[in-house]
Amino acid sequence: MAALDAAIIGGGPAGLATAHALHKTLPPGARIAVFERAPRIDIPRGAGLGLEVNGLRALRAIDQGVFDEVMSRHAVSIATSDFRDPQGGVIRSSDTAAVLQASKEKHGLHAVQMGWHELNTTLAARLPPDVEVHTGCRFLRYEEVEGGRLRLYFEGKPAAPVTASLLVAADGYFSNVRRQCVGDGPPDFGGNLVWRARLSSEEAEKHGYPRGKVVWYFGANRMALVFGITGGDVVWTASVTEAELEKVGIDWREVTAGRLDTAAQSADYLTRSEAAGLASRERVLRCFQGYESPLLGLMADTRPEAIVEHGLFVRPAADIRPEWFGKGRVVVLGDAAHPLRPTGQGTNQALEDAHHLGRLIQEAGGQVDDVLLDKWRLQRYLRVGPIMASVEAQGKAAYRADARAATSNASTLERGSMSDRPAGPATSAAVQGAAAAAAGPATSAAVQGAAAAAAAAGAAEAVSGAAGGEGATPAPPPLPVVPDMSAFITGKEEDWPALGSLHDRAGSSTGASSDTASTSRVQQQVKELALSAV
């Protein structure tokens, strides 16, 4: 195989979206290849997912055609939401359609649900023909060679090593690339065992779950959800805390043994069998004994081979740092970089990762160097960090003994979005405004937020060091203060420029140097501002 400009490990939404983004922003003729472990991209797998305004904006900016097909053929909206206790008592109902309409009027878009498989196959089917896709490839390791390139080794095919200028890790929670590049081991068990299944609307309606309605169950330290996706299909998910597992004699270590190197969304789809599904179904029914009969009936009637069972694995939000996103010519993104609890931002942040990388390359005229990649890592750290902390807090709060207490934190989970919650003491408006002015209008919101945080904390050296300036220090800059998490996640329309729109105007020979100079000016301005604020 000829040398590649970019090798992407992982053929899920994160990897395929990145392939689209790189094809649009690298110079014409760049060789891009995706390496996927599964024998085929189009194997039906996964359950359902939600795309929020920010994820939809990122997807549209990456590829309008993919966005249009996903929205016209696969996206569905929810009309109403019920929040129920274990016995089926309705704690409250919500007019979700009105919430979505308000979002449409304000942002031009609203949250939608769809099948994971449909999003993934659409991304794959609409890849340009010169993007190579190789399946049945298990990534093993890489090594650095002359000229700043990387040599990649696989089990299976390709049999010979592959050389690439850029390596993108989009290989999920248990990323082999991250293990070598970051070296911080596998993610931690997040304290929950999770079950997912996808079935037809006819099967769901038989148990009293109509189309267009989401039903949430909270209480007894358990959580379950039934919602509609593509083609009228319905997904149910259920999760239980480790303490509750112990009460019914289930050891999560035995359940997940031998499956820790597969993605949570697809879990053991390659080896799923009726026998394994029967055991999974028995465990979920045992855990949810005492819940209302419609939910138990839905679970009991689900085909065993349709049930996916996996542990929830996470990384503590407090530990996030720019190095999570790789180093040198290795980029780590999606679940490999920031495994999130399933509260609605996982795929959305993966799409943001891909768009943001493409945007910086586009602004640099198609040239990729270590300065650009370090800038991307810093900006993603500053963007993802507060979101990860909010997701972590919401996810943990959902598991309570009292159903009403659990639902009090779920007022916006019904549409897969984050609630408005403060992430720390508010920085003064004057300091935030001055920091934004120093960063300049062309700098991303993440960098502006970093400038404000640095000014408030007097952390100029940390900002300069993490961004590659002189006097570098290993301490990352403080995360930006986020008084309004919902607005922070949604962002603004101008944060998502369409990839490819600037490429023809950017001079590939001068883009990288001008971008580096701009970054240096921003660093100096932020440093001066922070010193004056102390």
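Index from 1, following the sequence. Excluded from the calculations below are hydrogen atoms, water molecules and symmetry mates; all remaining heavy atoms, backbone and side chain alike, are included. Everything quoted here is computed from the prediction, not taken from an experiment.
Residues T241 and E244 have side chains that never bring a donor and an acceptor to within less than 3.5 angstrom of each other. A donor atom on one side chain and an acceptor atom on the other are not found under 3.5 Å apart for W116 and T347. Between the side chains of E242 and N192, not a single donor N or O lies within less than 3.5 Å of an accepting N or O. Remark: the H356 side chain and the Q379 side chain contain an N/O donor-acceptor pair separated by less than 3.5 Å. Neither side chain, H355 nor R57, offers a donor N or O lying under 3.5 Å from an acceptor on the other. H117 and D42 form no side-chain donor-acceptor contact under 3.5 Å, judged by distance and modelled atom types alone. Using modelled atom types, one finds no donor on one side chain facing an acceptor on the other under 3.5 Å when comparing T163 with R149. For the residue pair N348 / E52, no side-chain donor-acceptor distance below 3.5 Å is found, with atom types taken as modelled. Using a 3.5 Å distance cut-off with no hydrogens or angles, the side chains of S280 and E309 do pair a donor with an acceptor. Looking at D68 and Q64, their side chains do bring a donor and an acceptor atom within 3.5 Å of each other.
Counting heavy atoms from C-beta outward, W376 and D353 have side chains that approach closer than 4.5 Å. Contact check for Q180 versus Y142: side-chain heavy atoms found under the 4.5 Å cut-off. D251 has its side chain out of reach of L245: every pair of non-hydrogen atoms, C-beta onward, lies at least 4.5 Å apart. With contacts defined as side-chain heavy-atom distances shorter than 4.5 Å, the pair F67/L109 qualifies. With contacts defined as side-chain heavy-atom distances shorter than 4.5 Å, the pair L340/M388 qualifies. Between L152 and L167 there is a side-chain heavy-atom pair separated by less than 4.5 Å. Inter-residue side-chain proximity for V384 and F325 is flagged as met; some heavy-atom pair is nearer than 4.5 Å. Looking at P477 and L382, their side chains come closer than 4.5 Å, going by heavy atoms from C-beta outward.
Taking CG from L360 and CZ from R377, the interatomic distance works out to 11.5 Å, rounded to the nearest 0.5 Å. Separation of atoms CG (L51) and CE (M71) is listed at 8.5 Å; rounding is to 0.5 Å. How far CH2 of W236 is from OH of Y209: 11.0 Å, rounded to the nearest 0.5 Å.
Between the side chain of R198 and the backbone N or O of A306, no donor-acceptor pair lies under 3.5 Å. Between the side chain of R359 and the main chain of D495, a donor-acceptor pair closer than 3.5 Å is present. Side-chain N or O atoms of E69 include none that pairs as donor or acceptor with a backbone N or O of T122 at under 3.5 Å. Checked by atom type and distance alone, the side chain of S390 never pairs as donor or acceptor with a backbone atom of P386 at under 3.5 Å. The closest donor-acceptor contact from the side chain of N176 to the backbone of F139 lies under 3.5 Å. At least one donor-acceptor pair under 3.5 Å links the side chain of K24 to the backbone N or O of I62. At distances below 3.5 Å, not a single donor-acceptor pair connects side-chain atoms of T25 with backbone N or O atoms of I361. Using modelled atom types, no side-chain atom of S175 and backbone atom of D171 make a donor-acceptor pair closer than 3.5 Å. Not one N or O on the side chain of R138 forms a donor-acceptor pair closer than 3.5 Å with the backbone of G156. The backbone N or O of R31 sits less than 3.5 Å from a side-chain atom of D5, completing a donor-acceptor pair.
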Take E203 and V234 through the test side chain to side chain contact (heavy atoms under 4.5 Å, CB included) and record every step on the way to the result. CA-CA 9 Å; E203 294 173 287; V234 172; over 6 Å; no
Pair I78-V214, side chain to side chain contact (heavy atoms under 4.5 Å, CB included): steps then yes or no: CA-CA 7 Å; I78 302 302; V214 170; 3.4 Å; yes
From CA spacing to verdict: side chain to side chain contact (heavy atoms under 4.5 Å, CB included), L59, W496: CA-CA 9 Å; L59 180 62; W496 314 104; over 6 Å; no
Applying side-chain hydrogen bond (donor to acceptor under 3.5 Å, both in side chains), run through R380 and H338 and close with a yes or a no. CA-CA 10 Å; R380 291 310 294 158; H338 42 74; 5.0 Å; no
The test is side chain to side chain contact (heavy atoms under 4.5 Å, CB included); show your working for K327 and E323 and say whether it passes. CA-CA 6 Å; K327 65 181 179 181; E323 290 78 12; over 6 Å; no
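A salt bridge between R179 and D184 is absent, with no side-chain N of the basic residue lying under 4.0 Å from a carboxylate O of the acidic one.
Within a 6.0 Å sphere centred on CZ of R73, other residues, nucleotides and ligands contribute 12 heavy atoms or fewer. No more than 12 heavy-atom neighbours from other residues, nucleotides or ligands sit within 6.0 angstrom of CD on E144.
Between W252 and F189, the gap from one ring centroid to the other is short of 6.0 Å.
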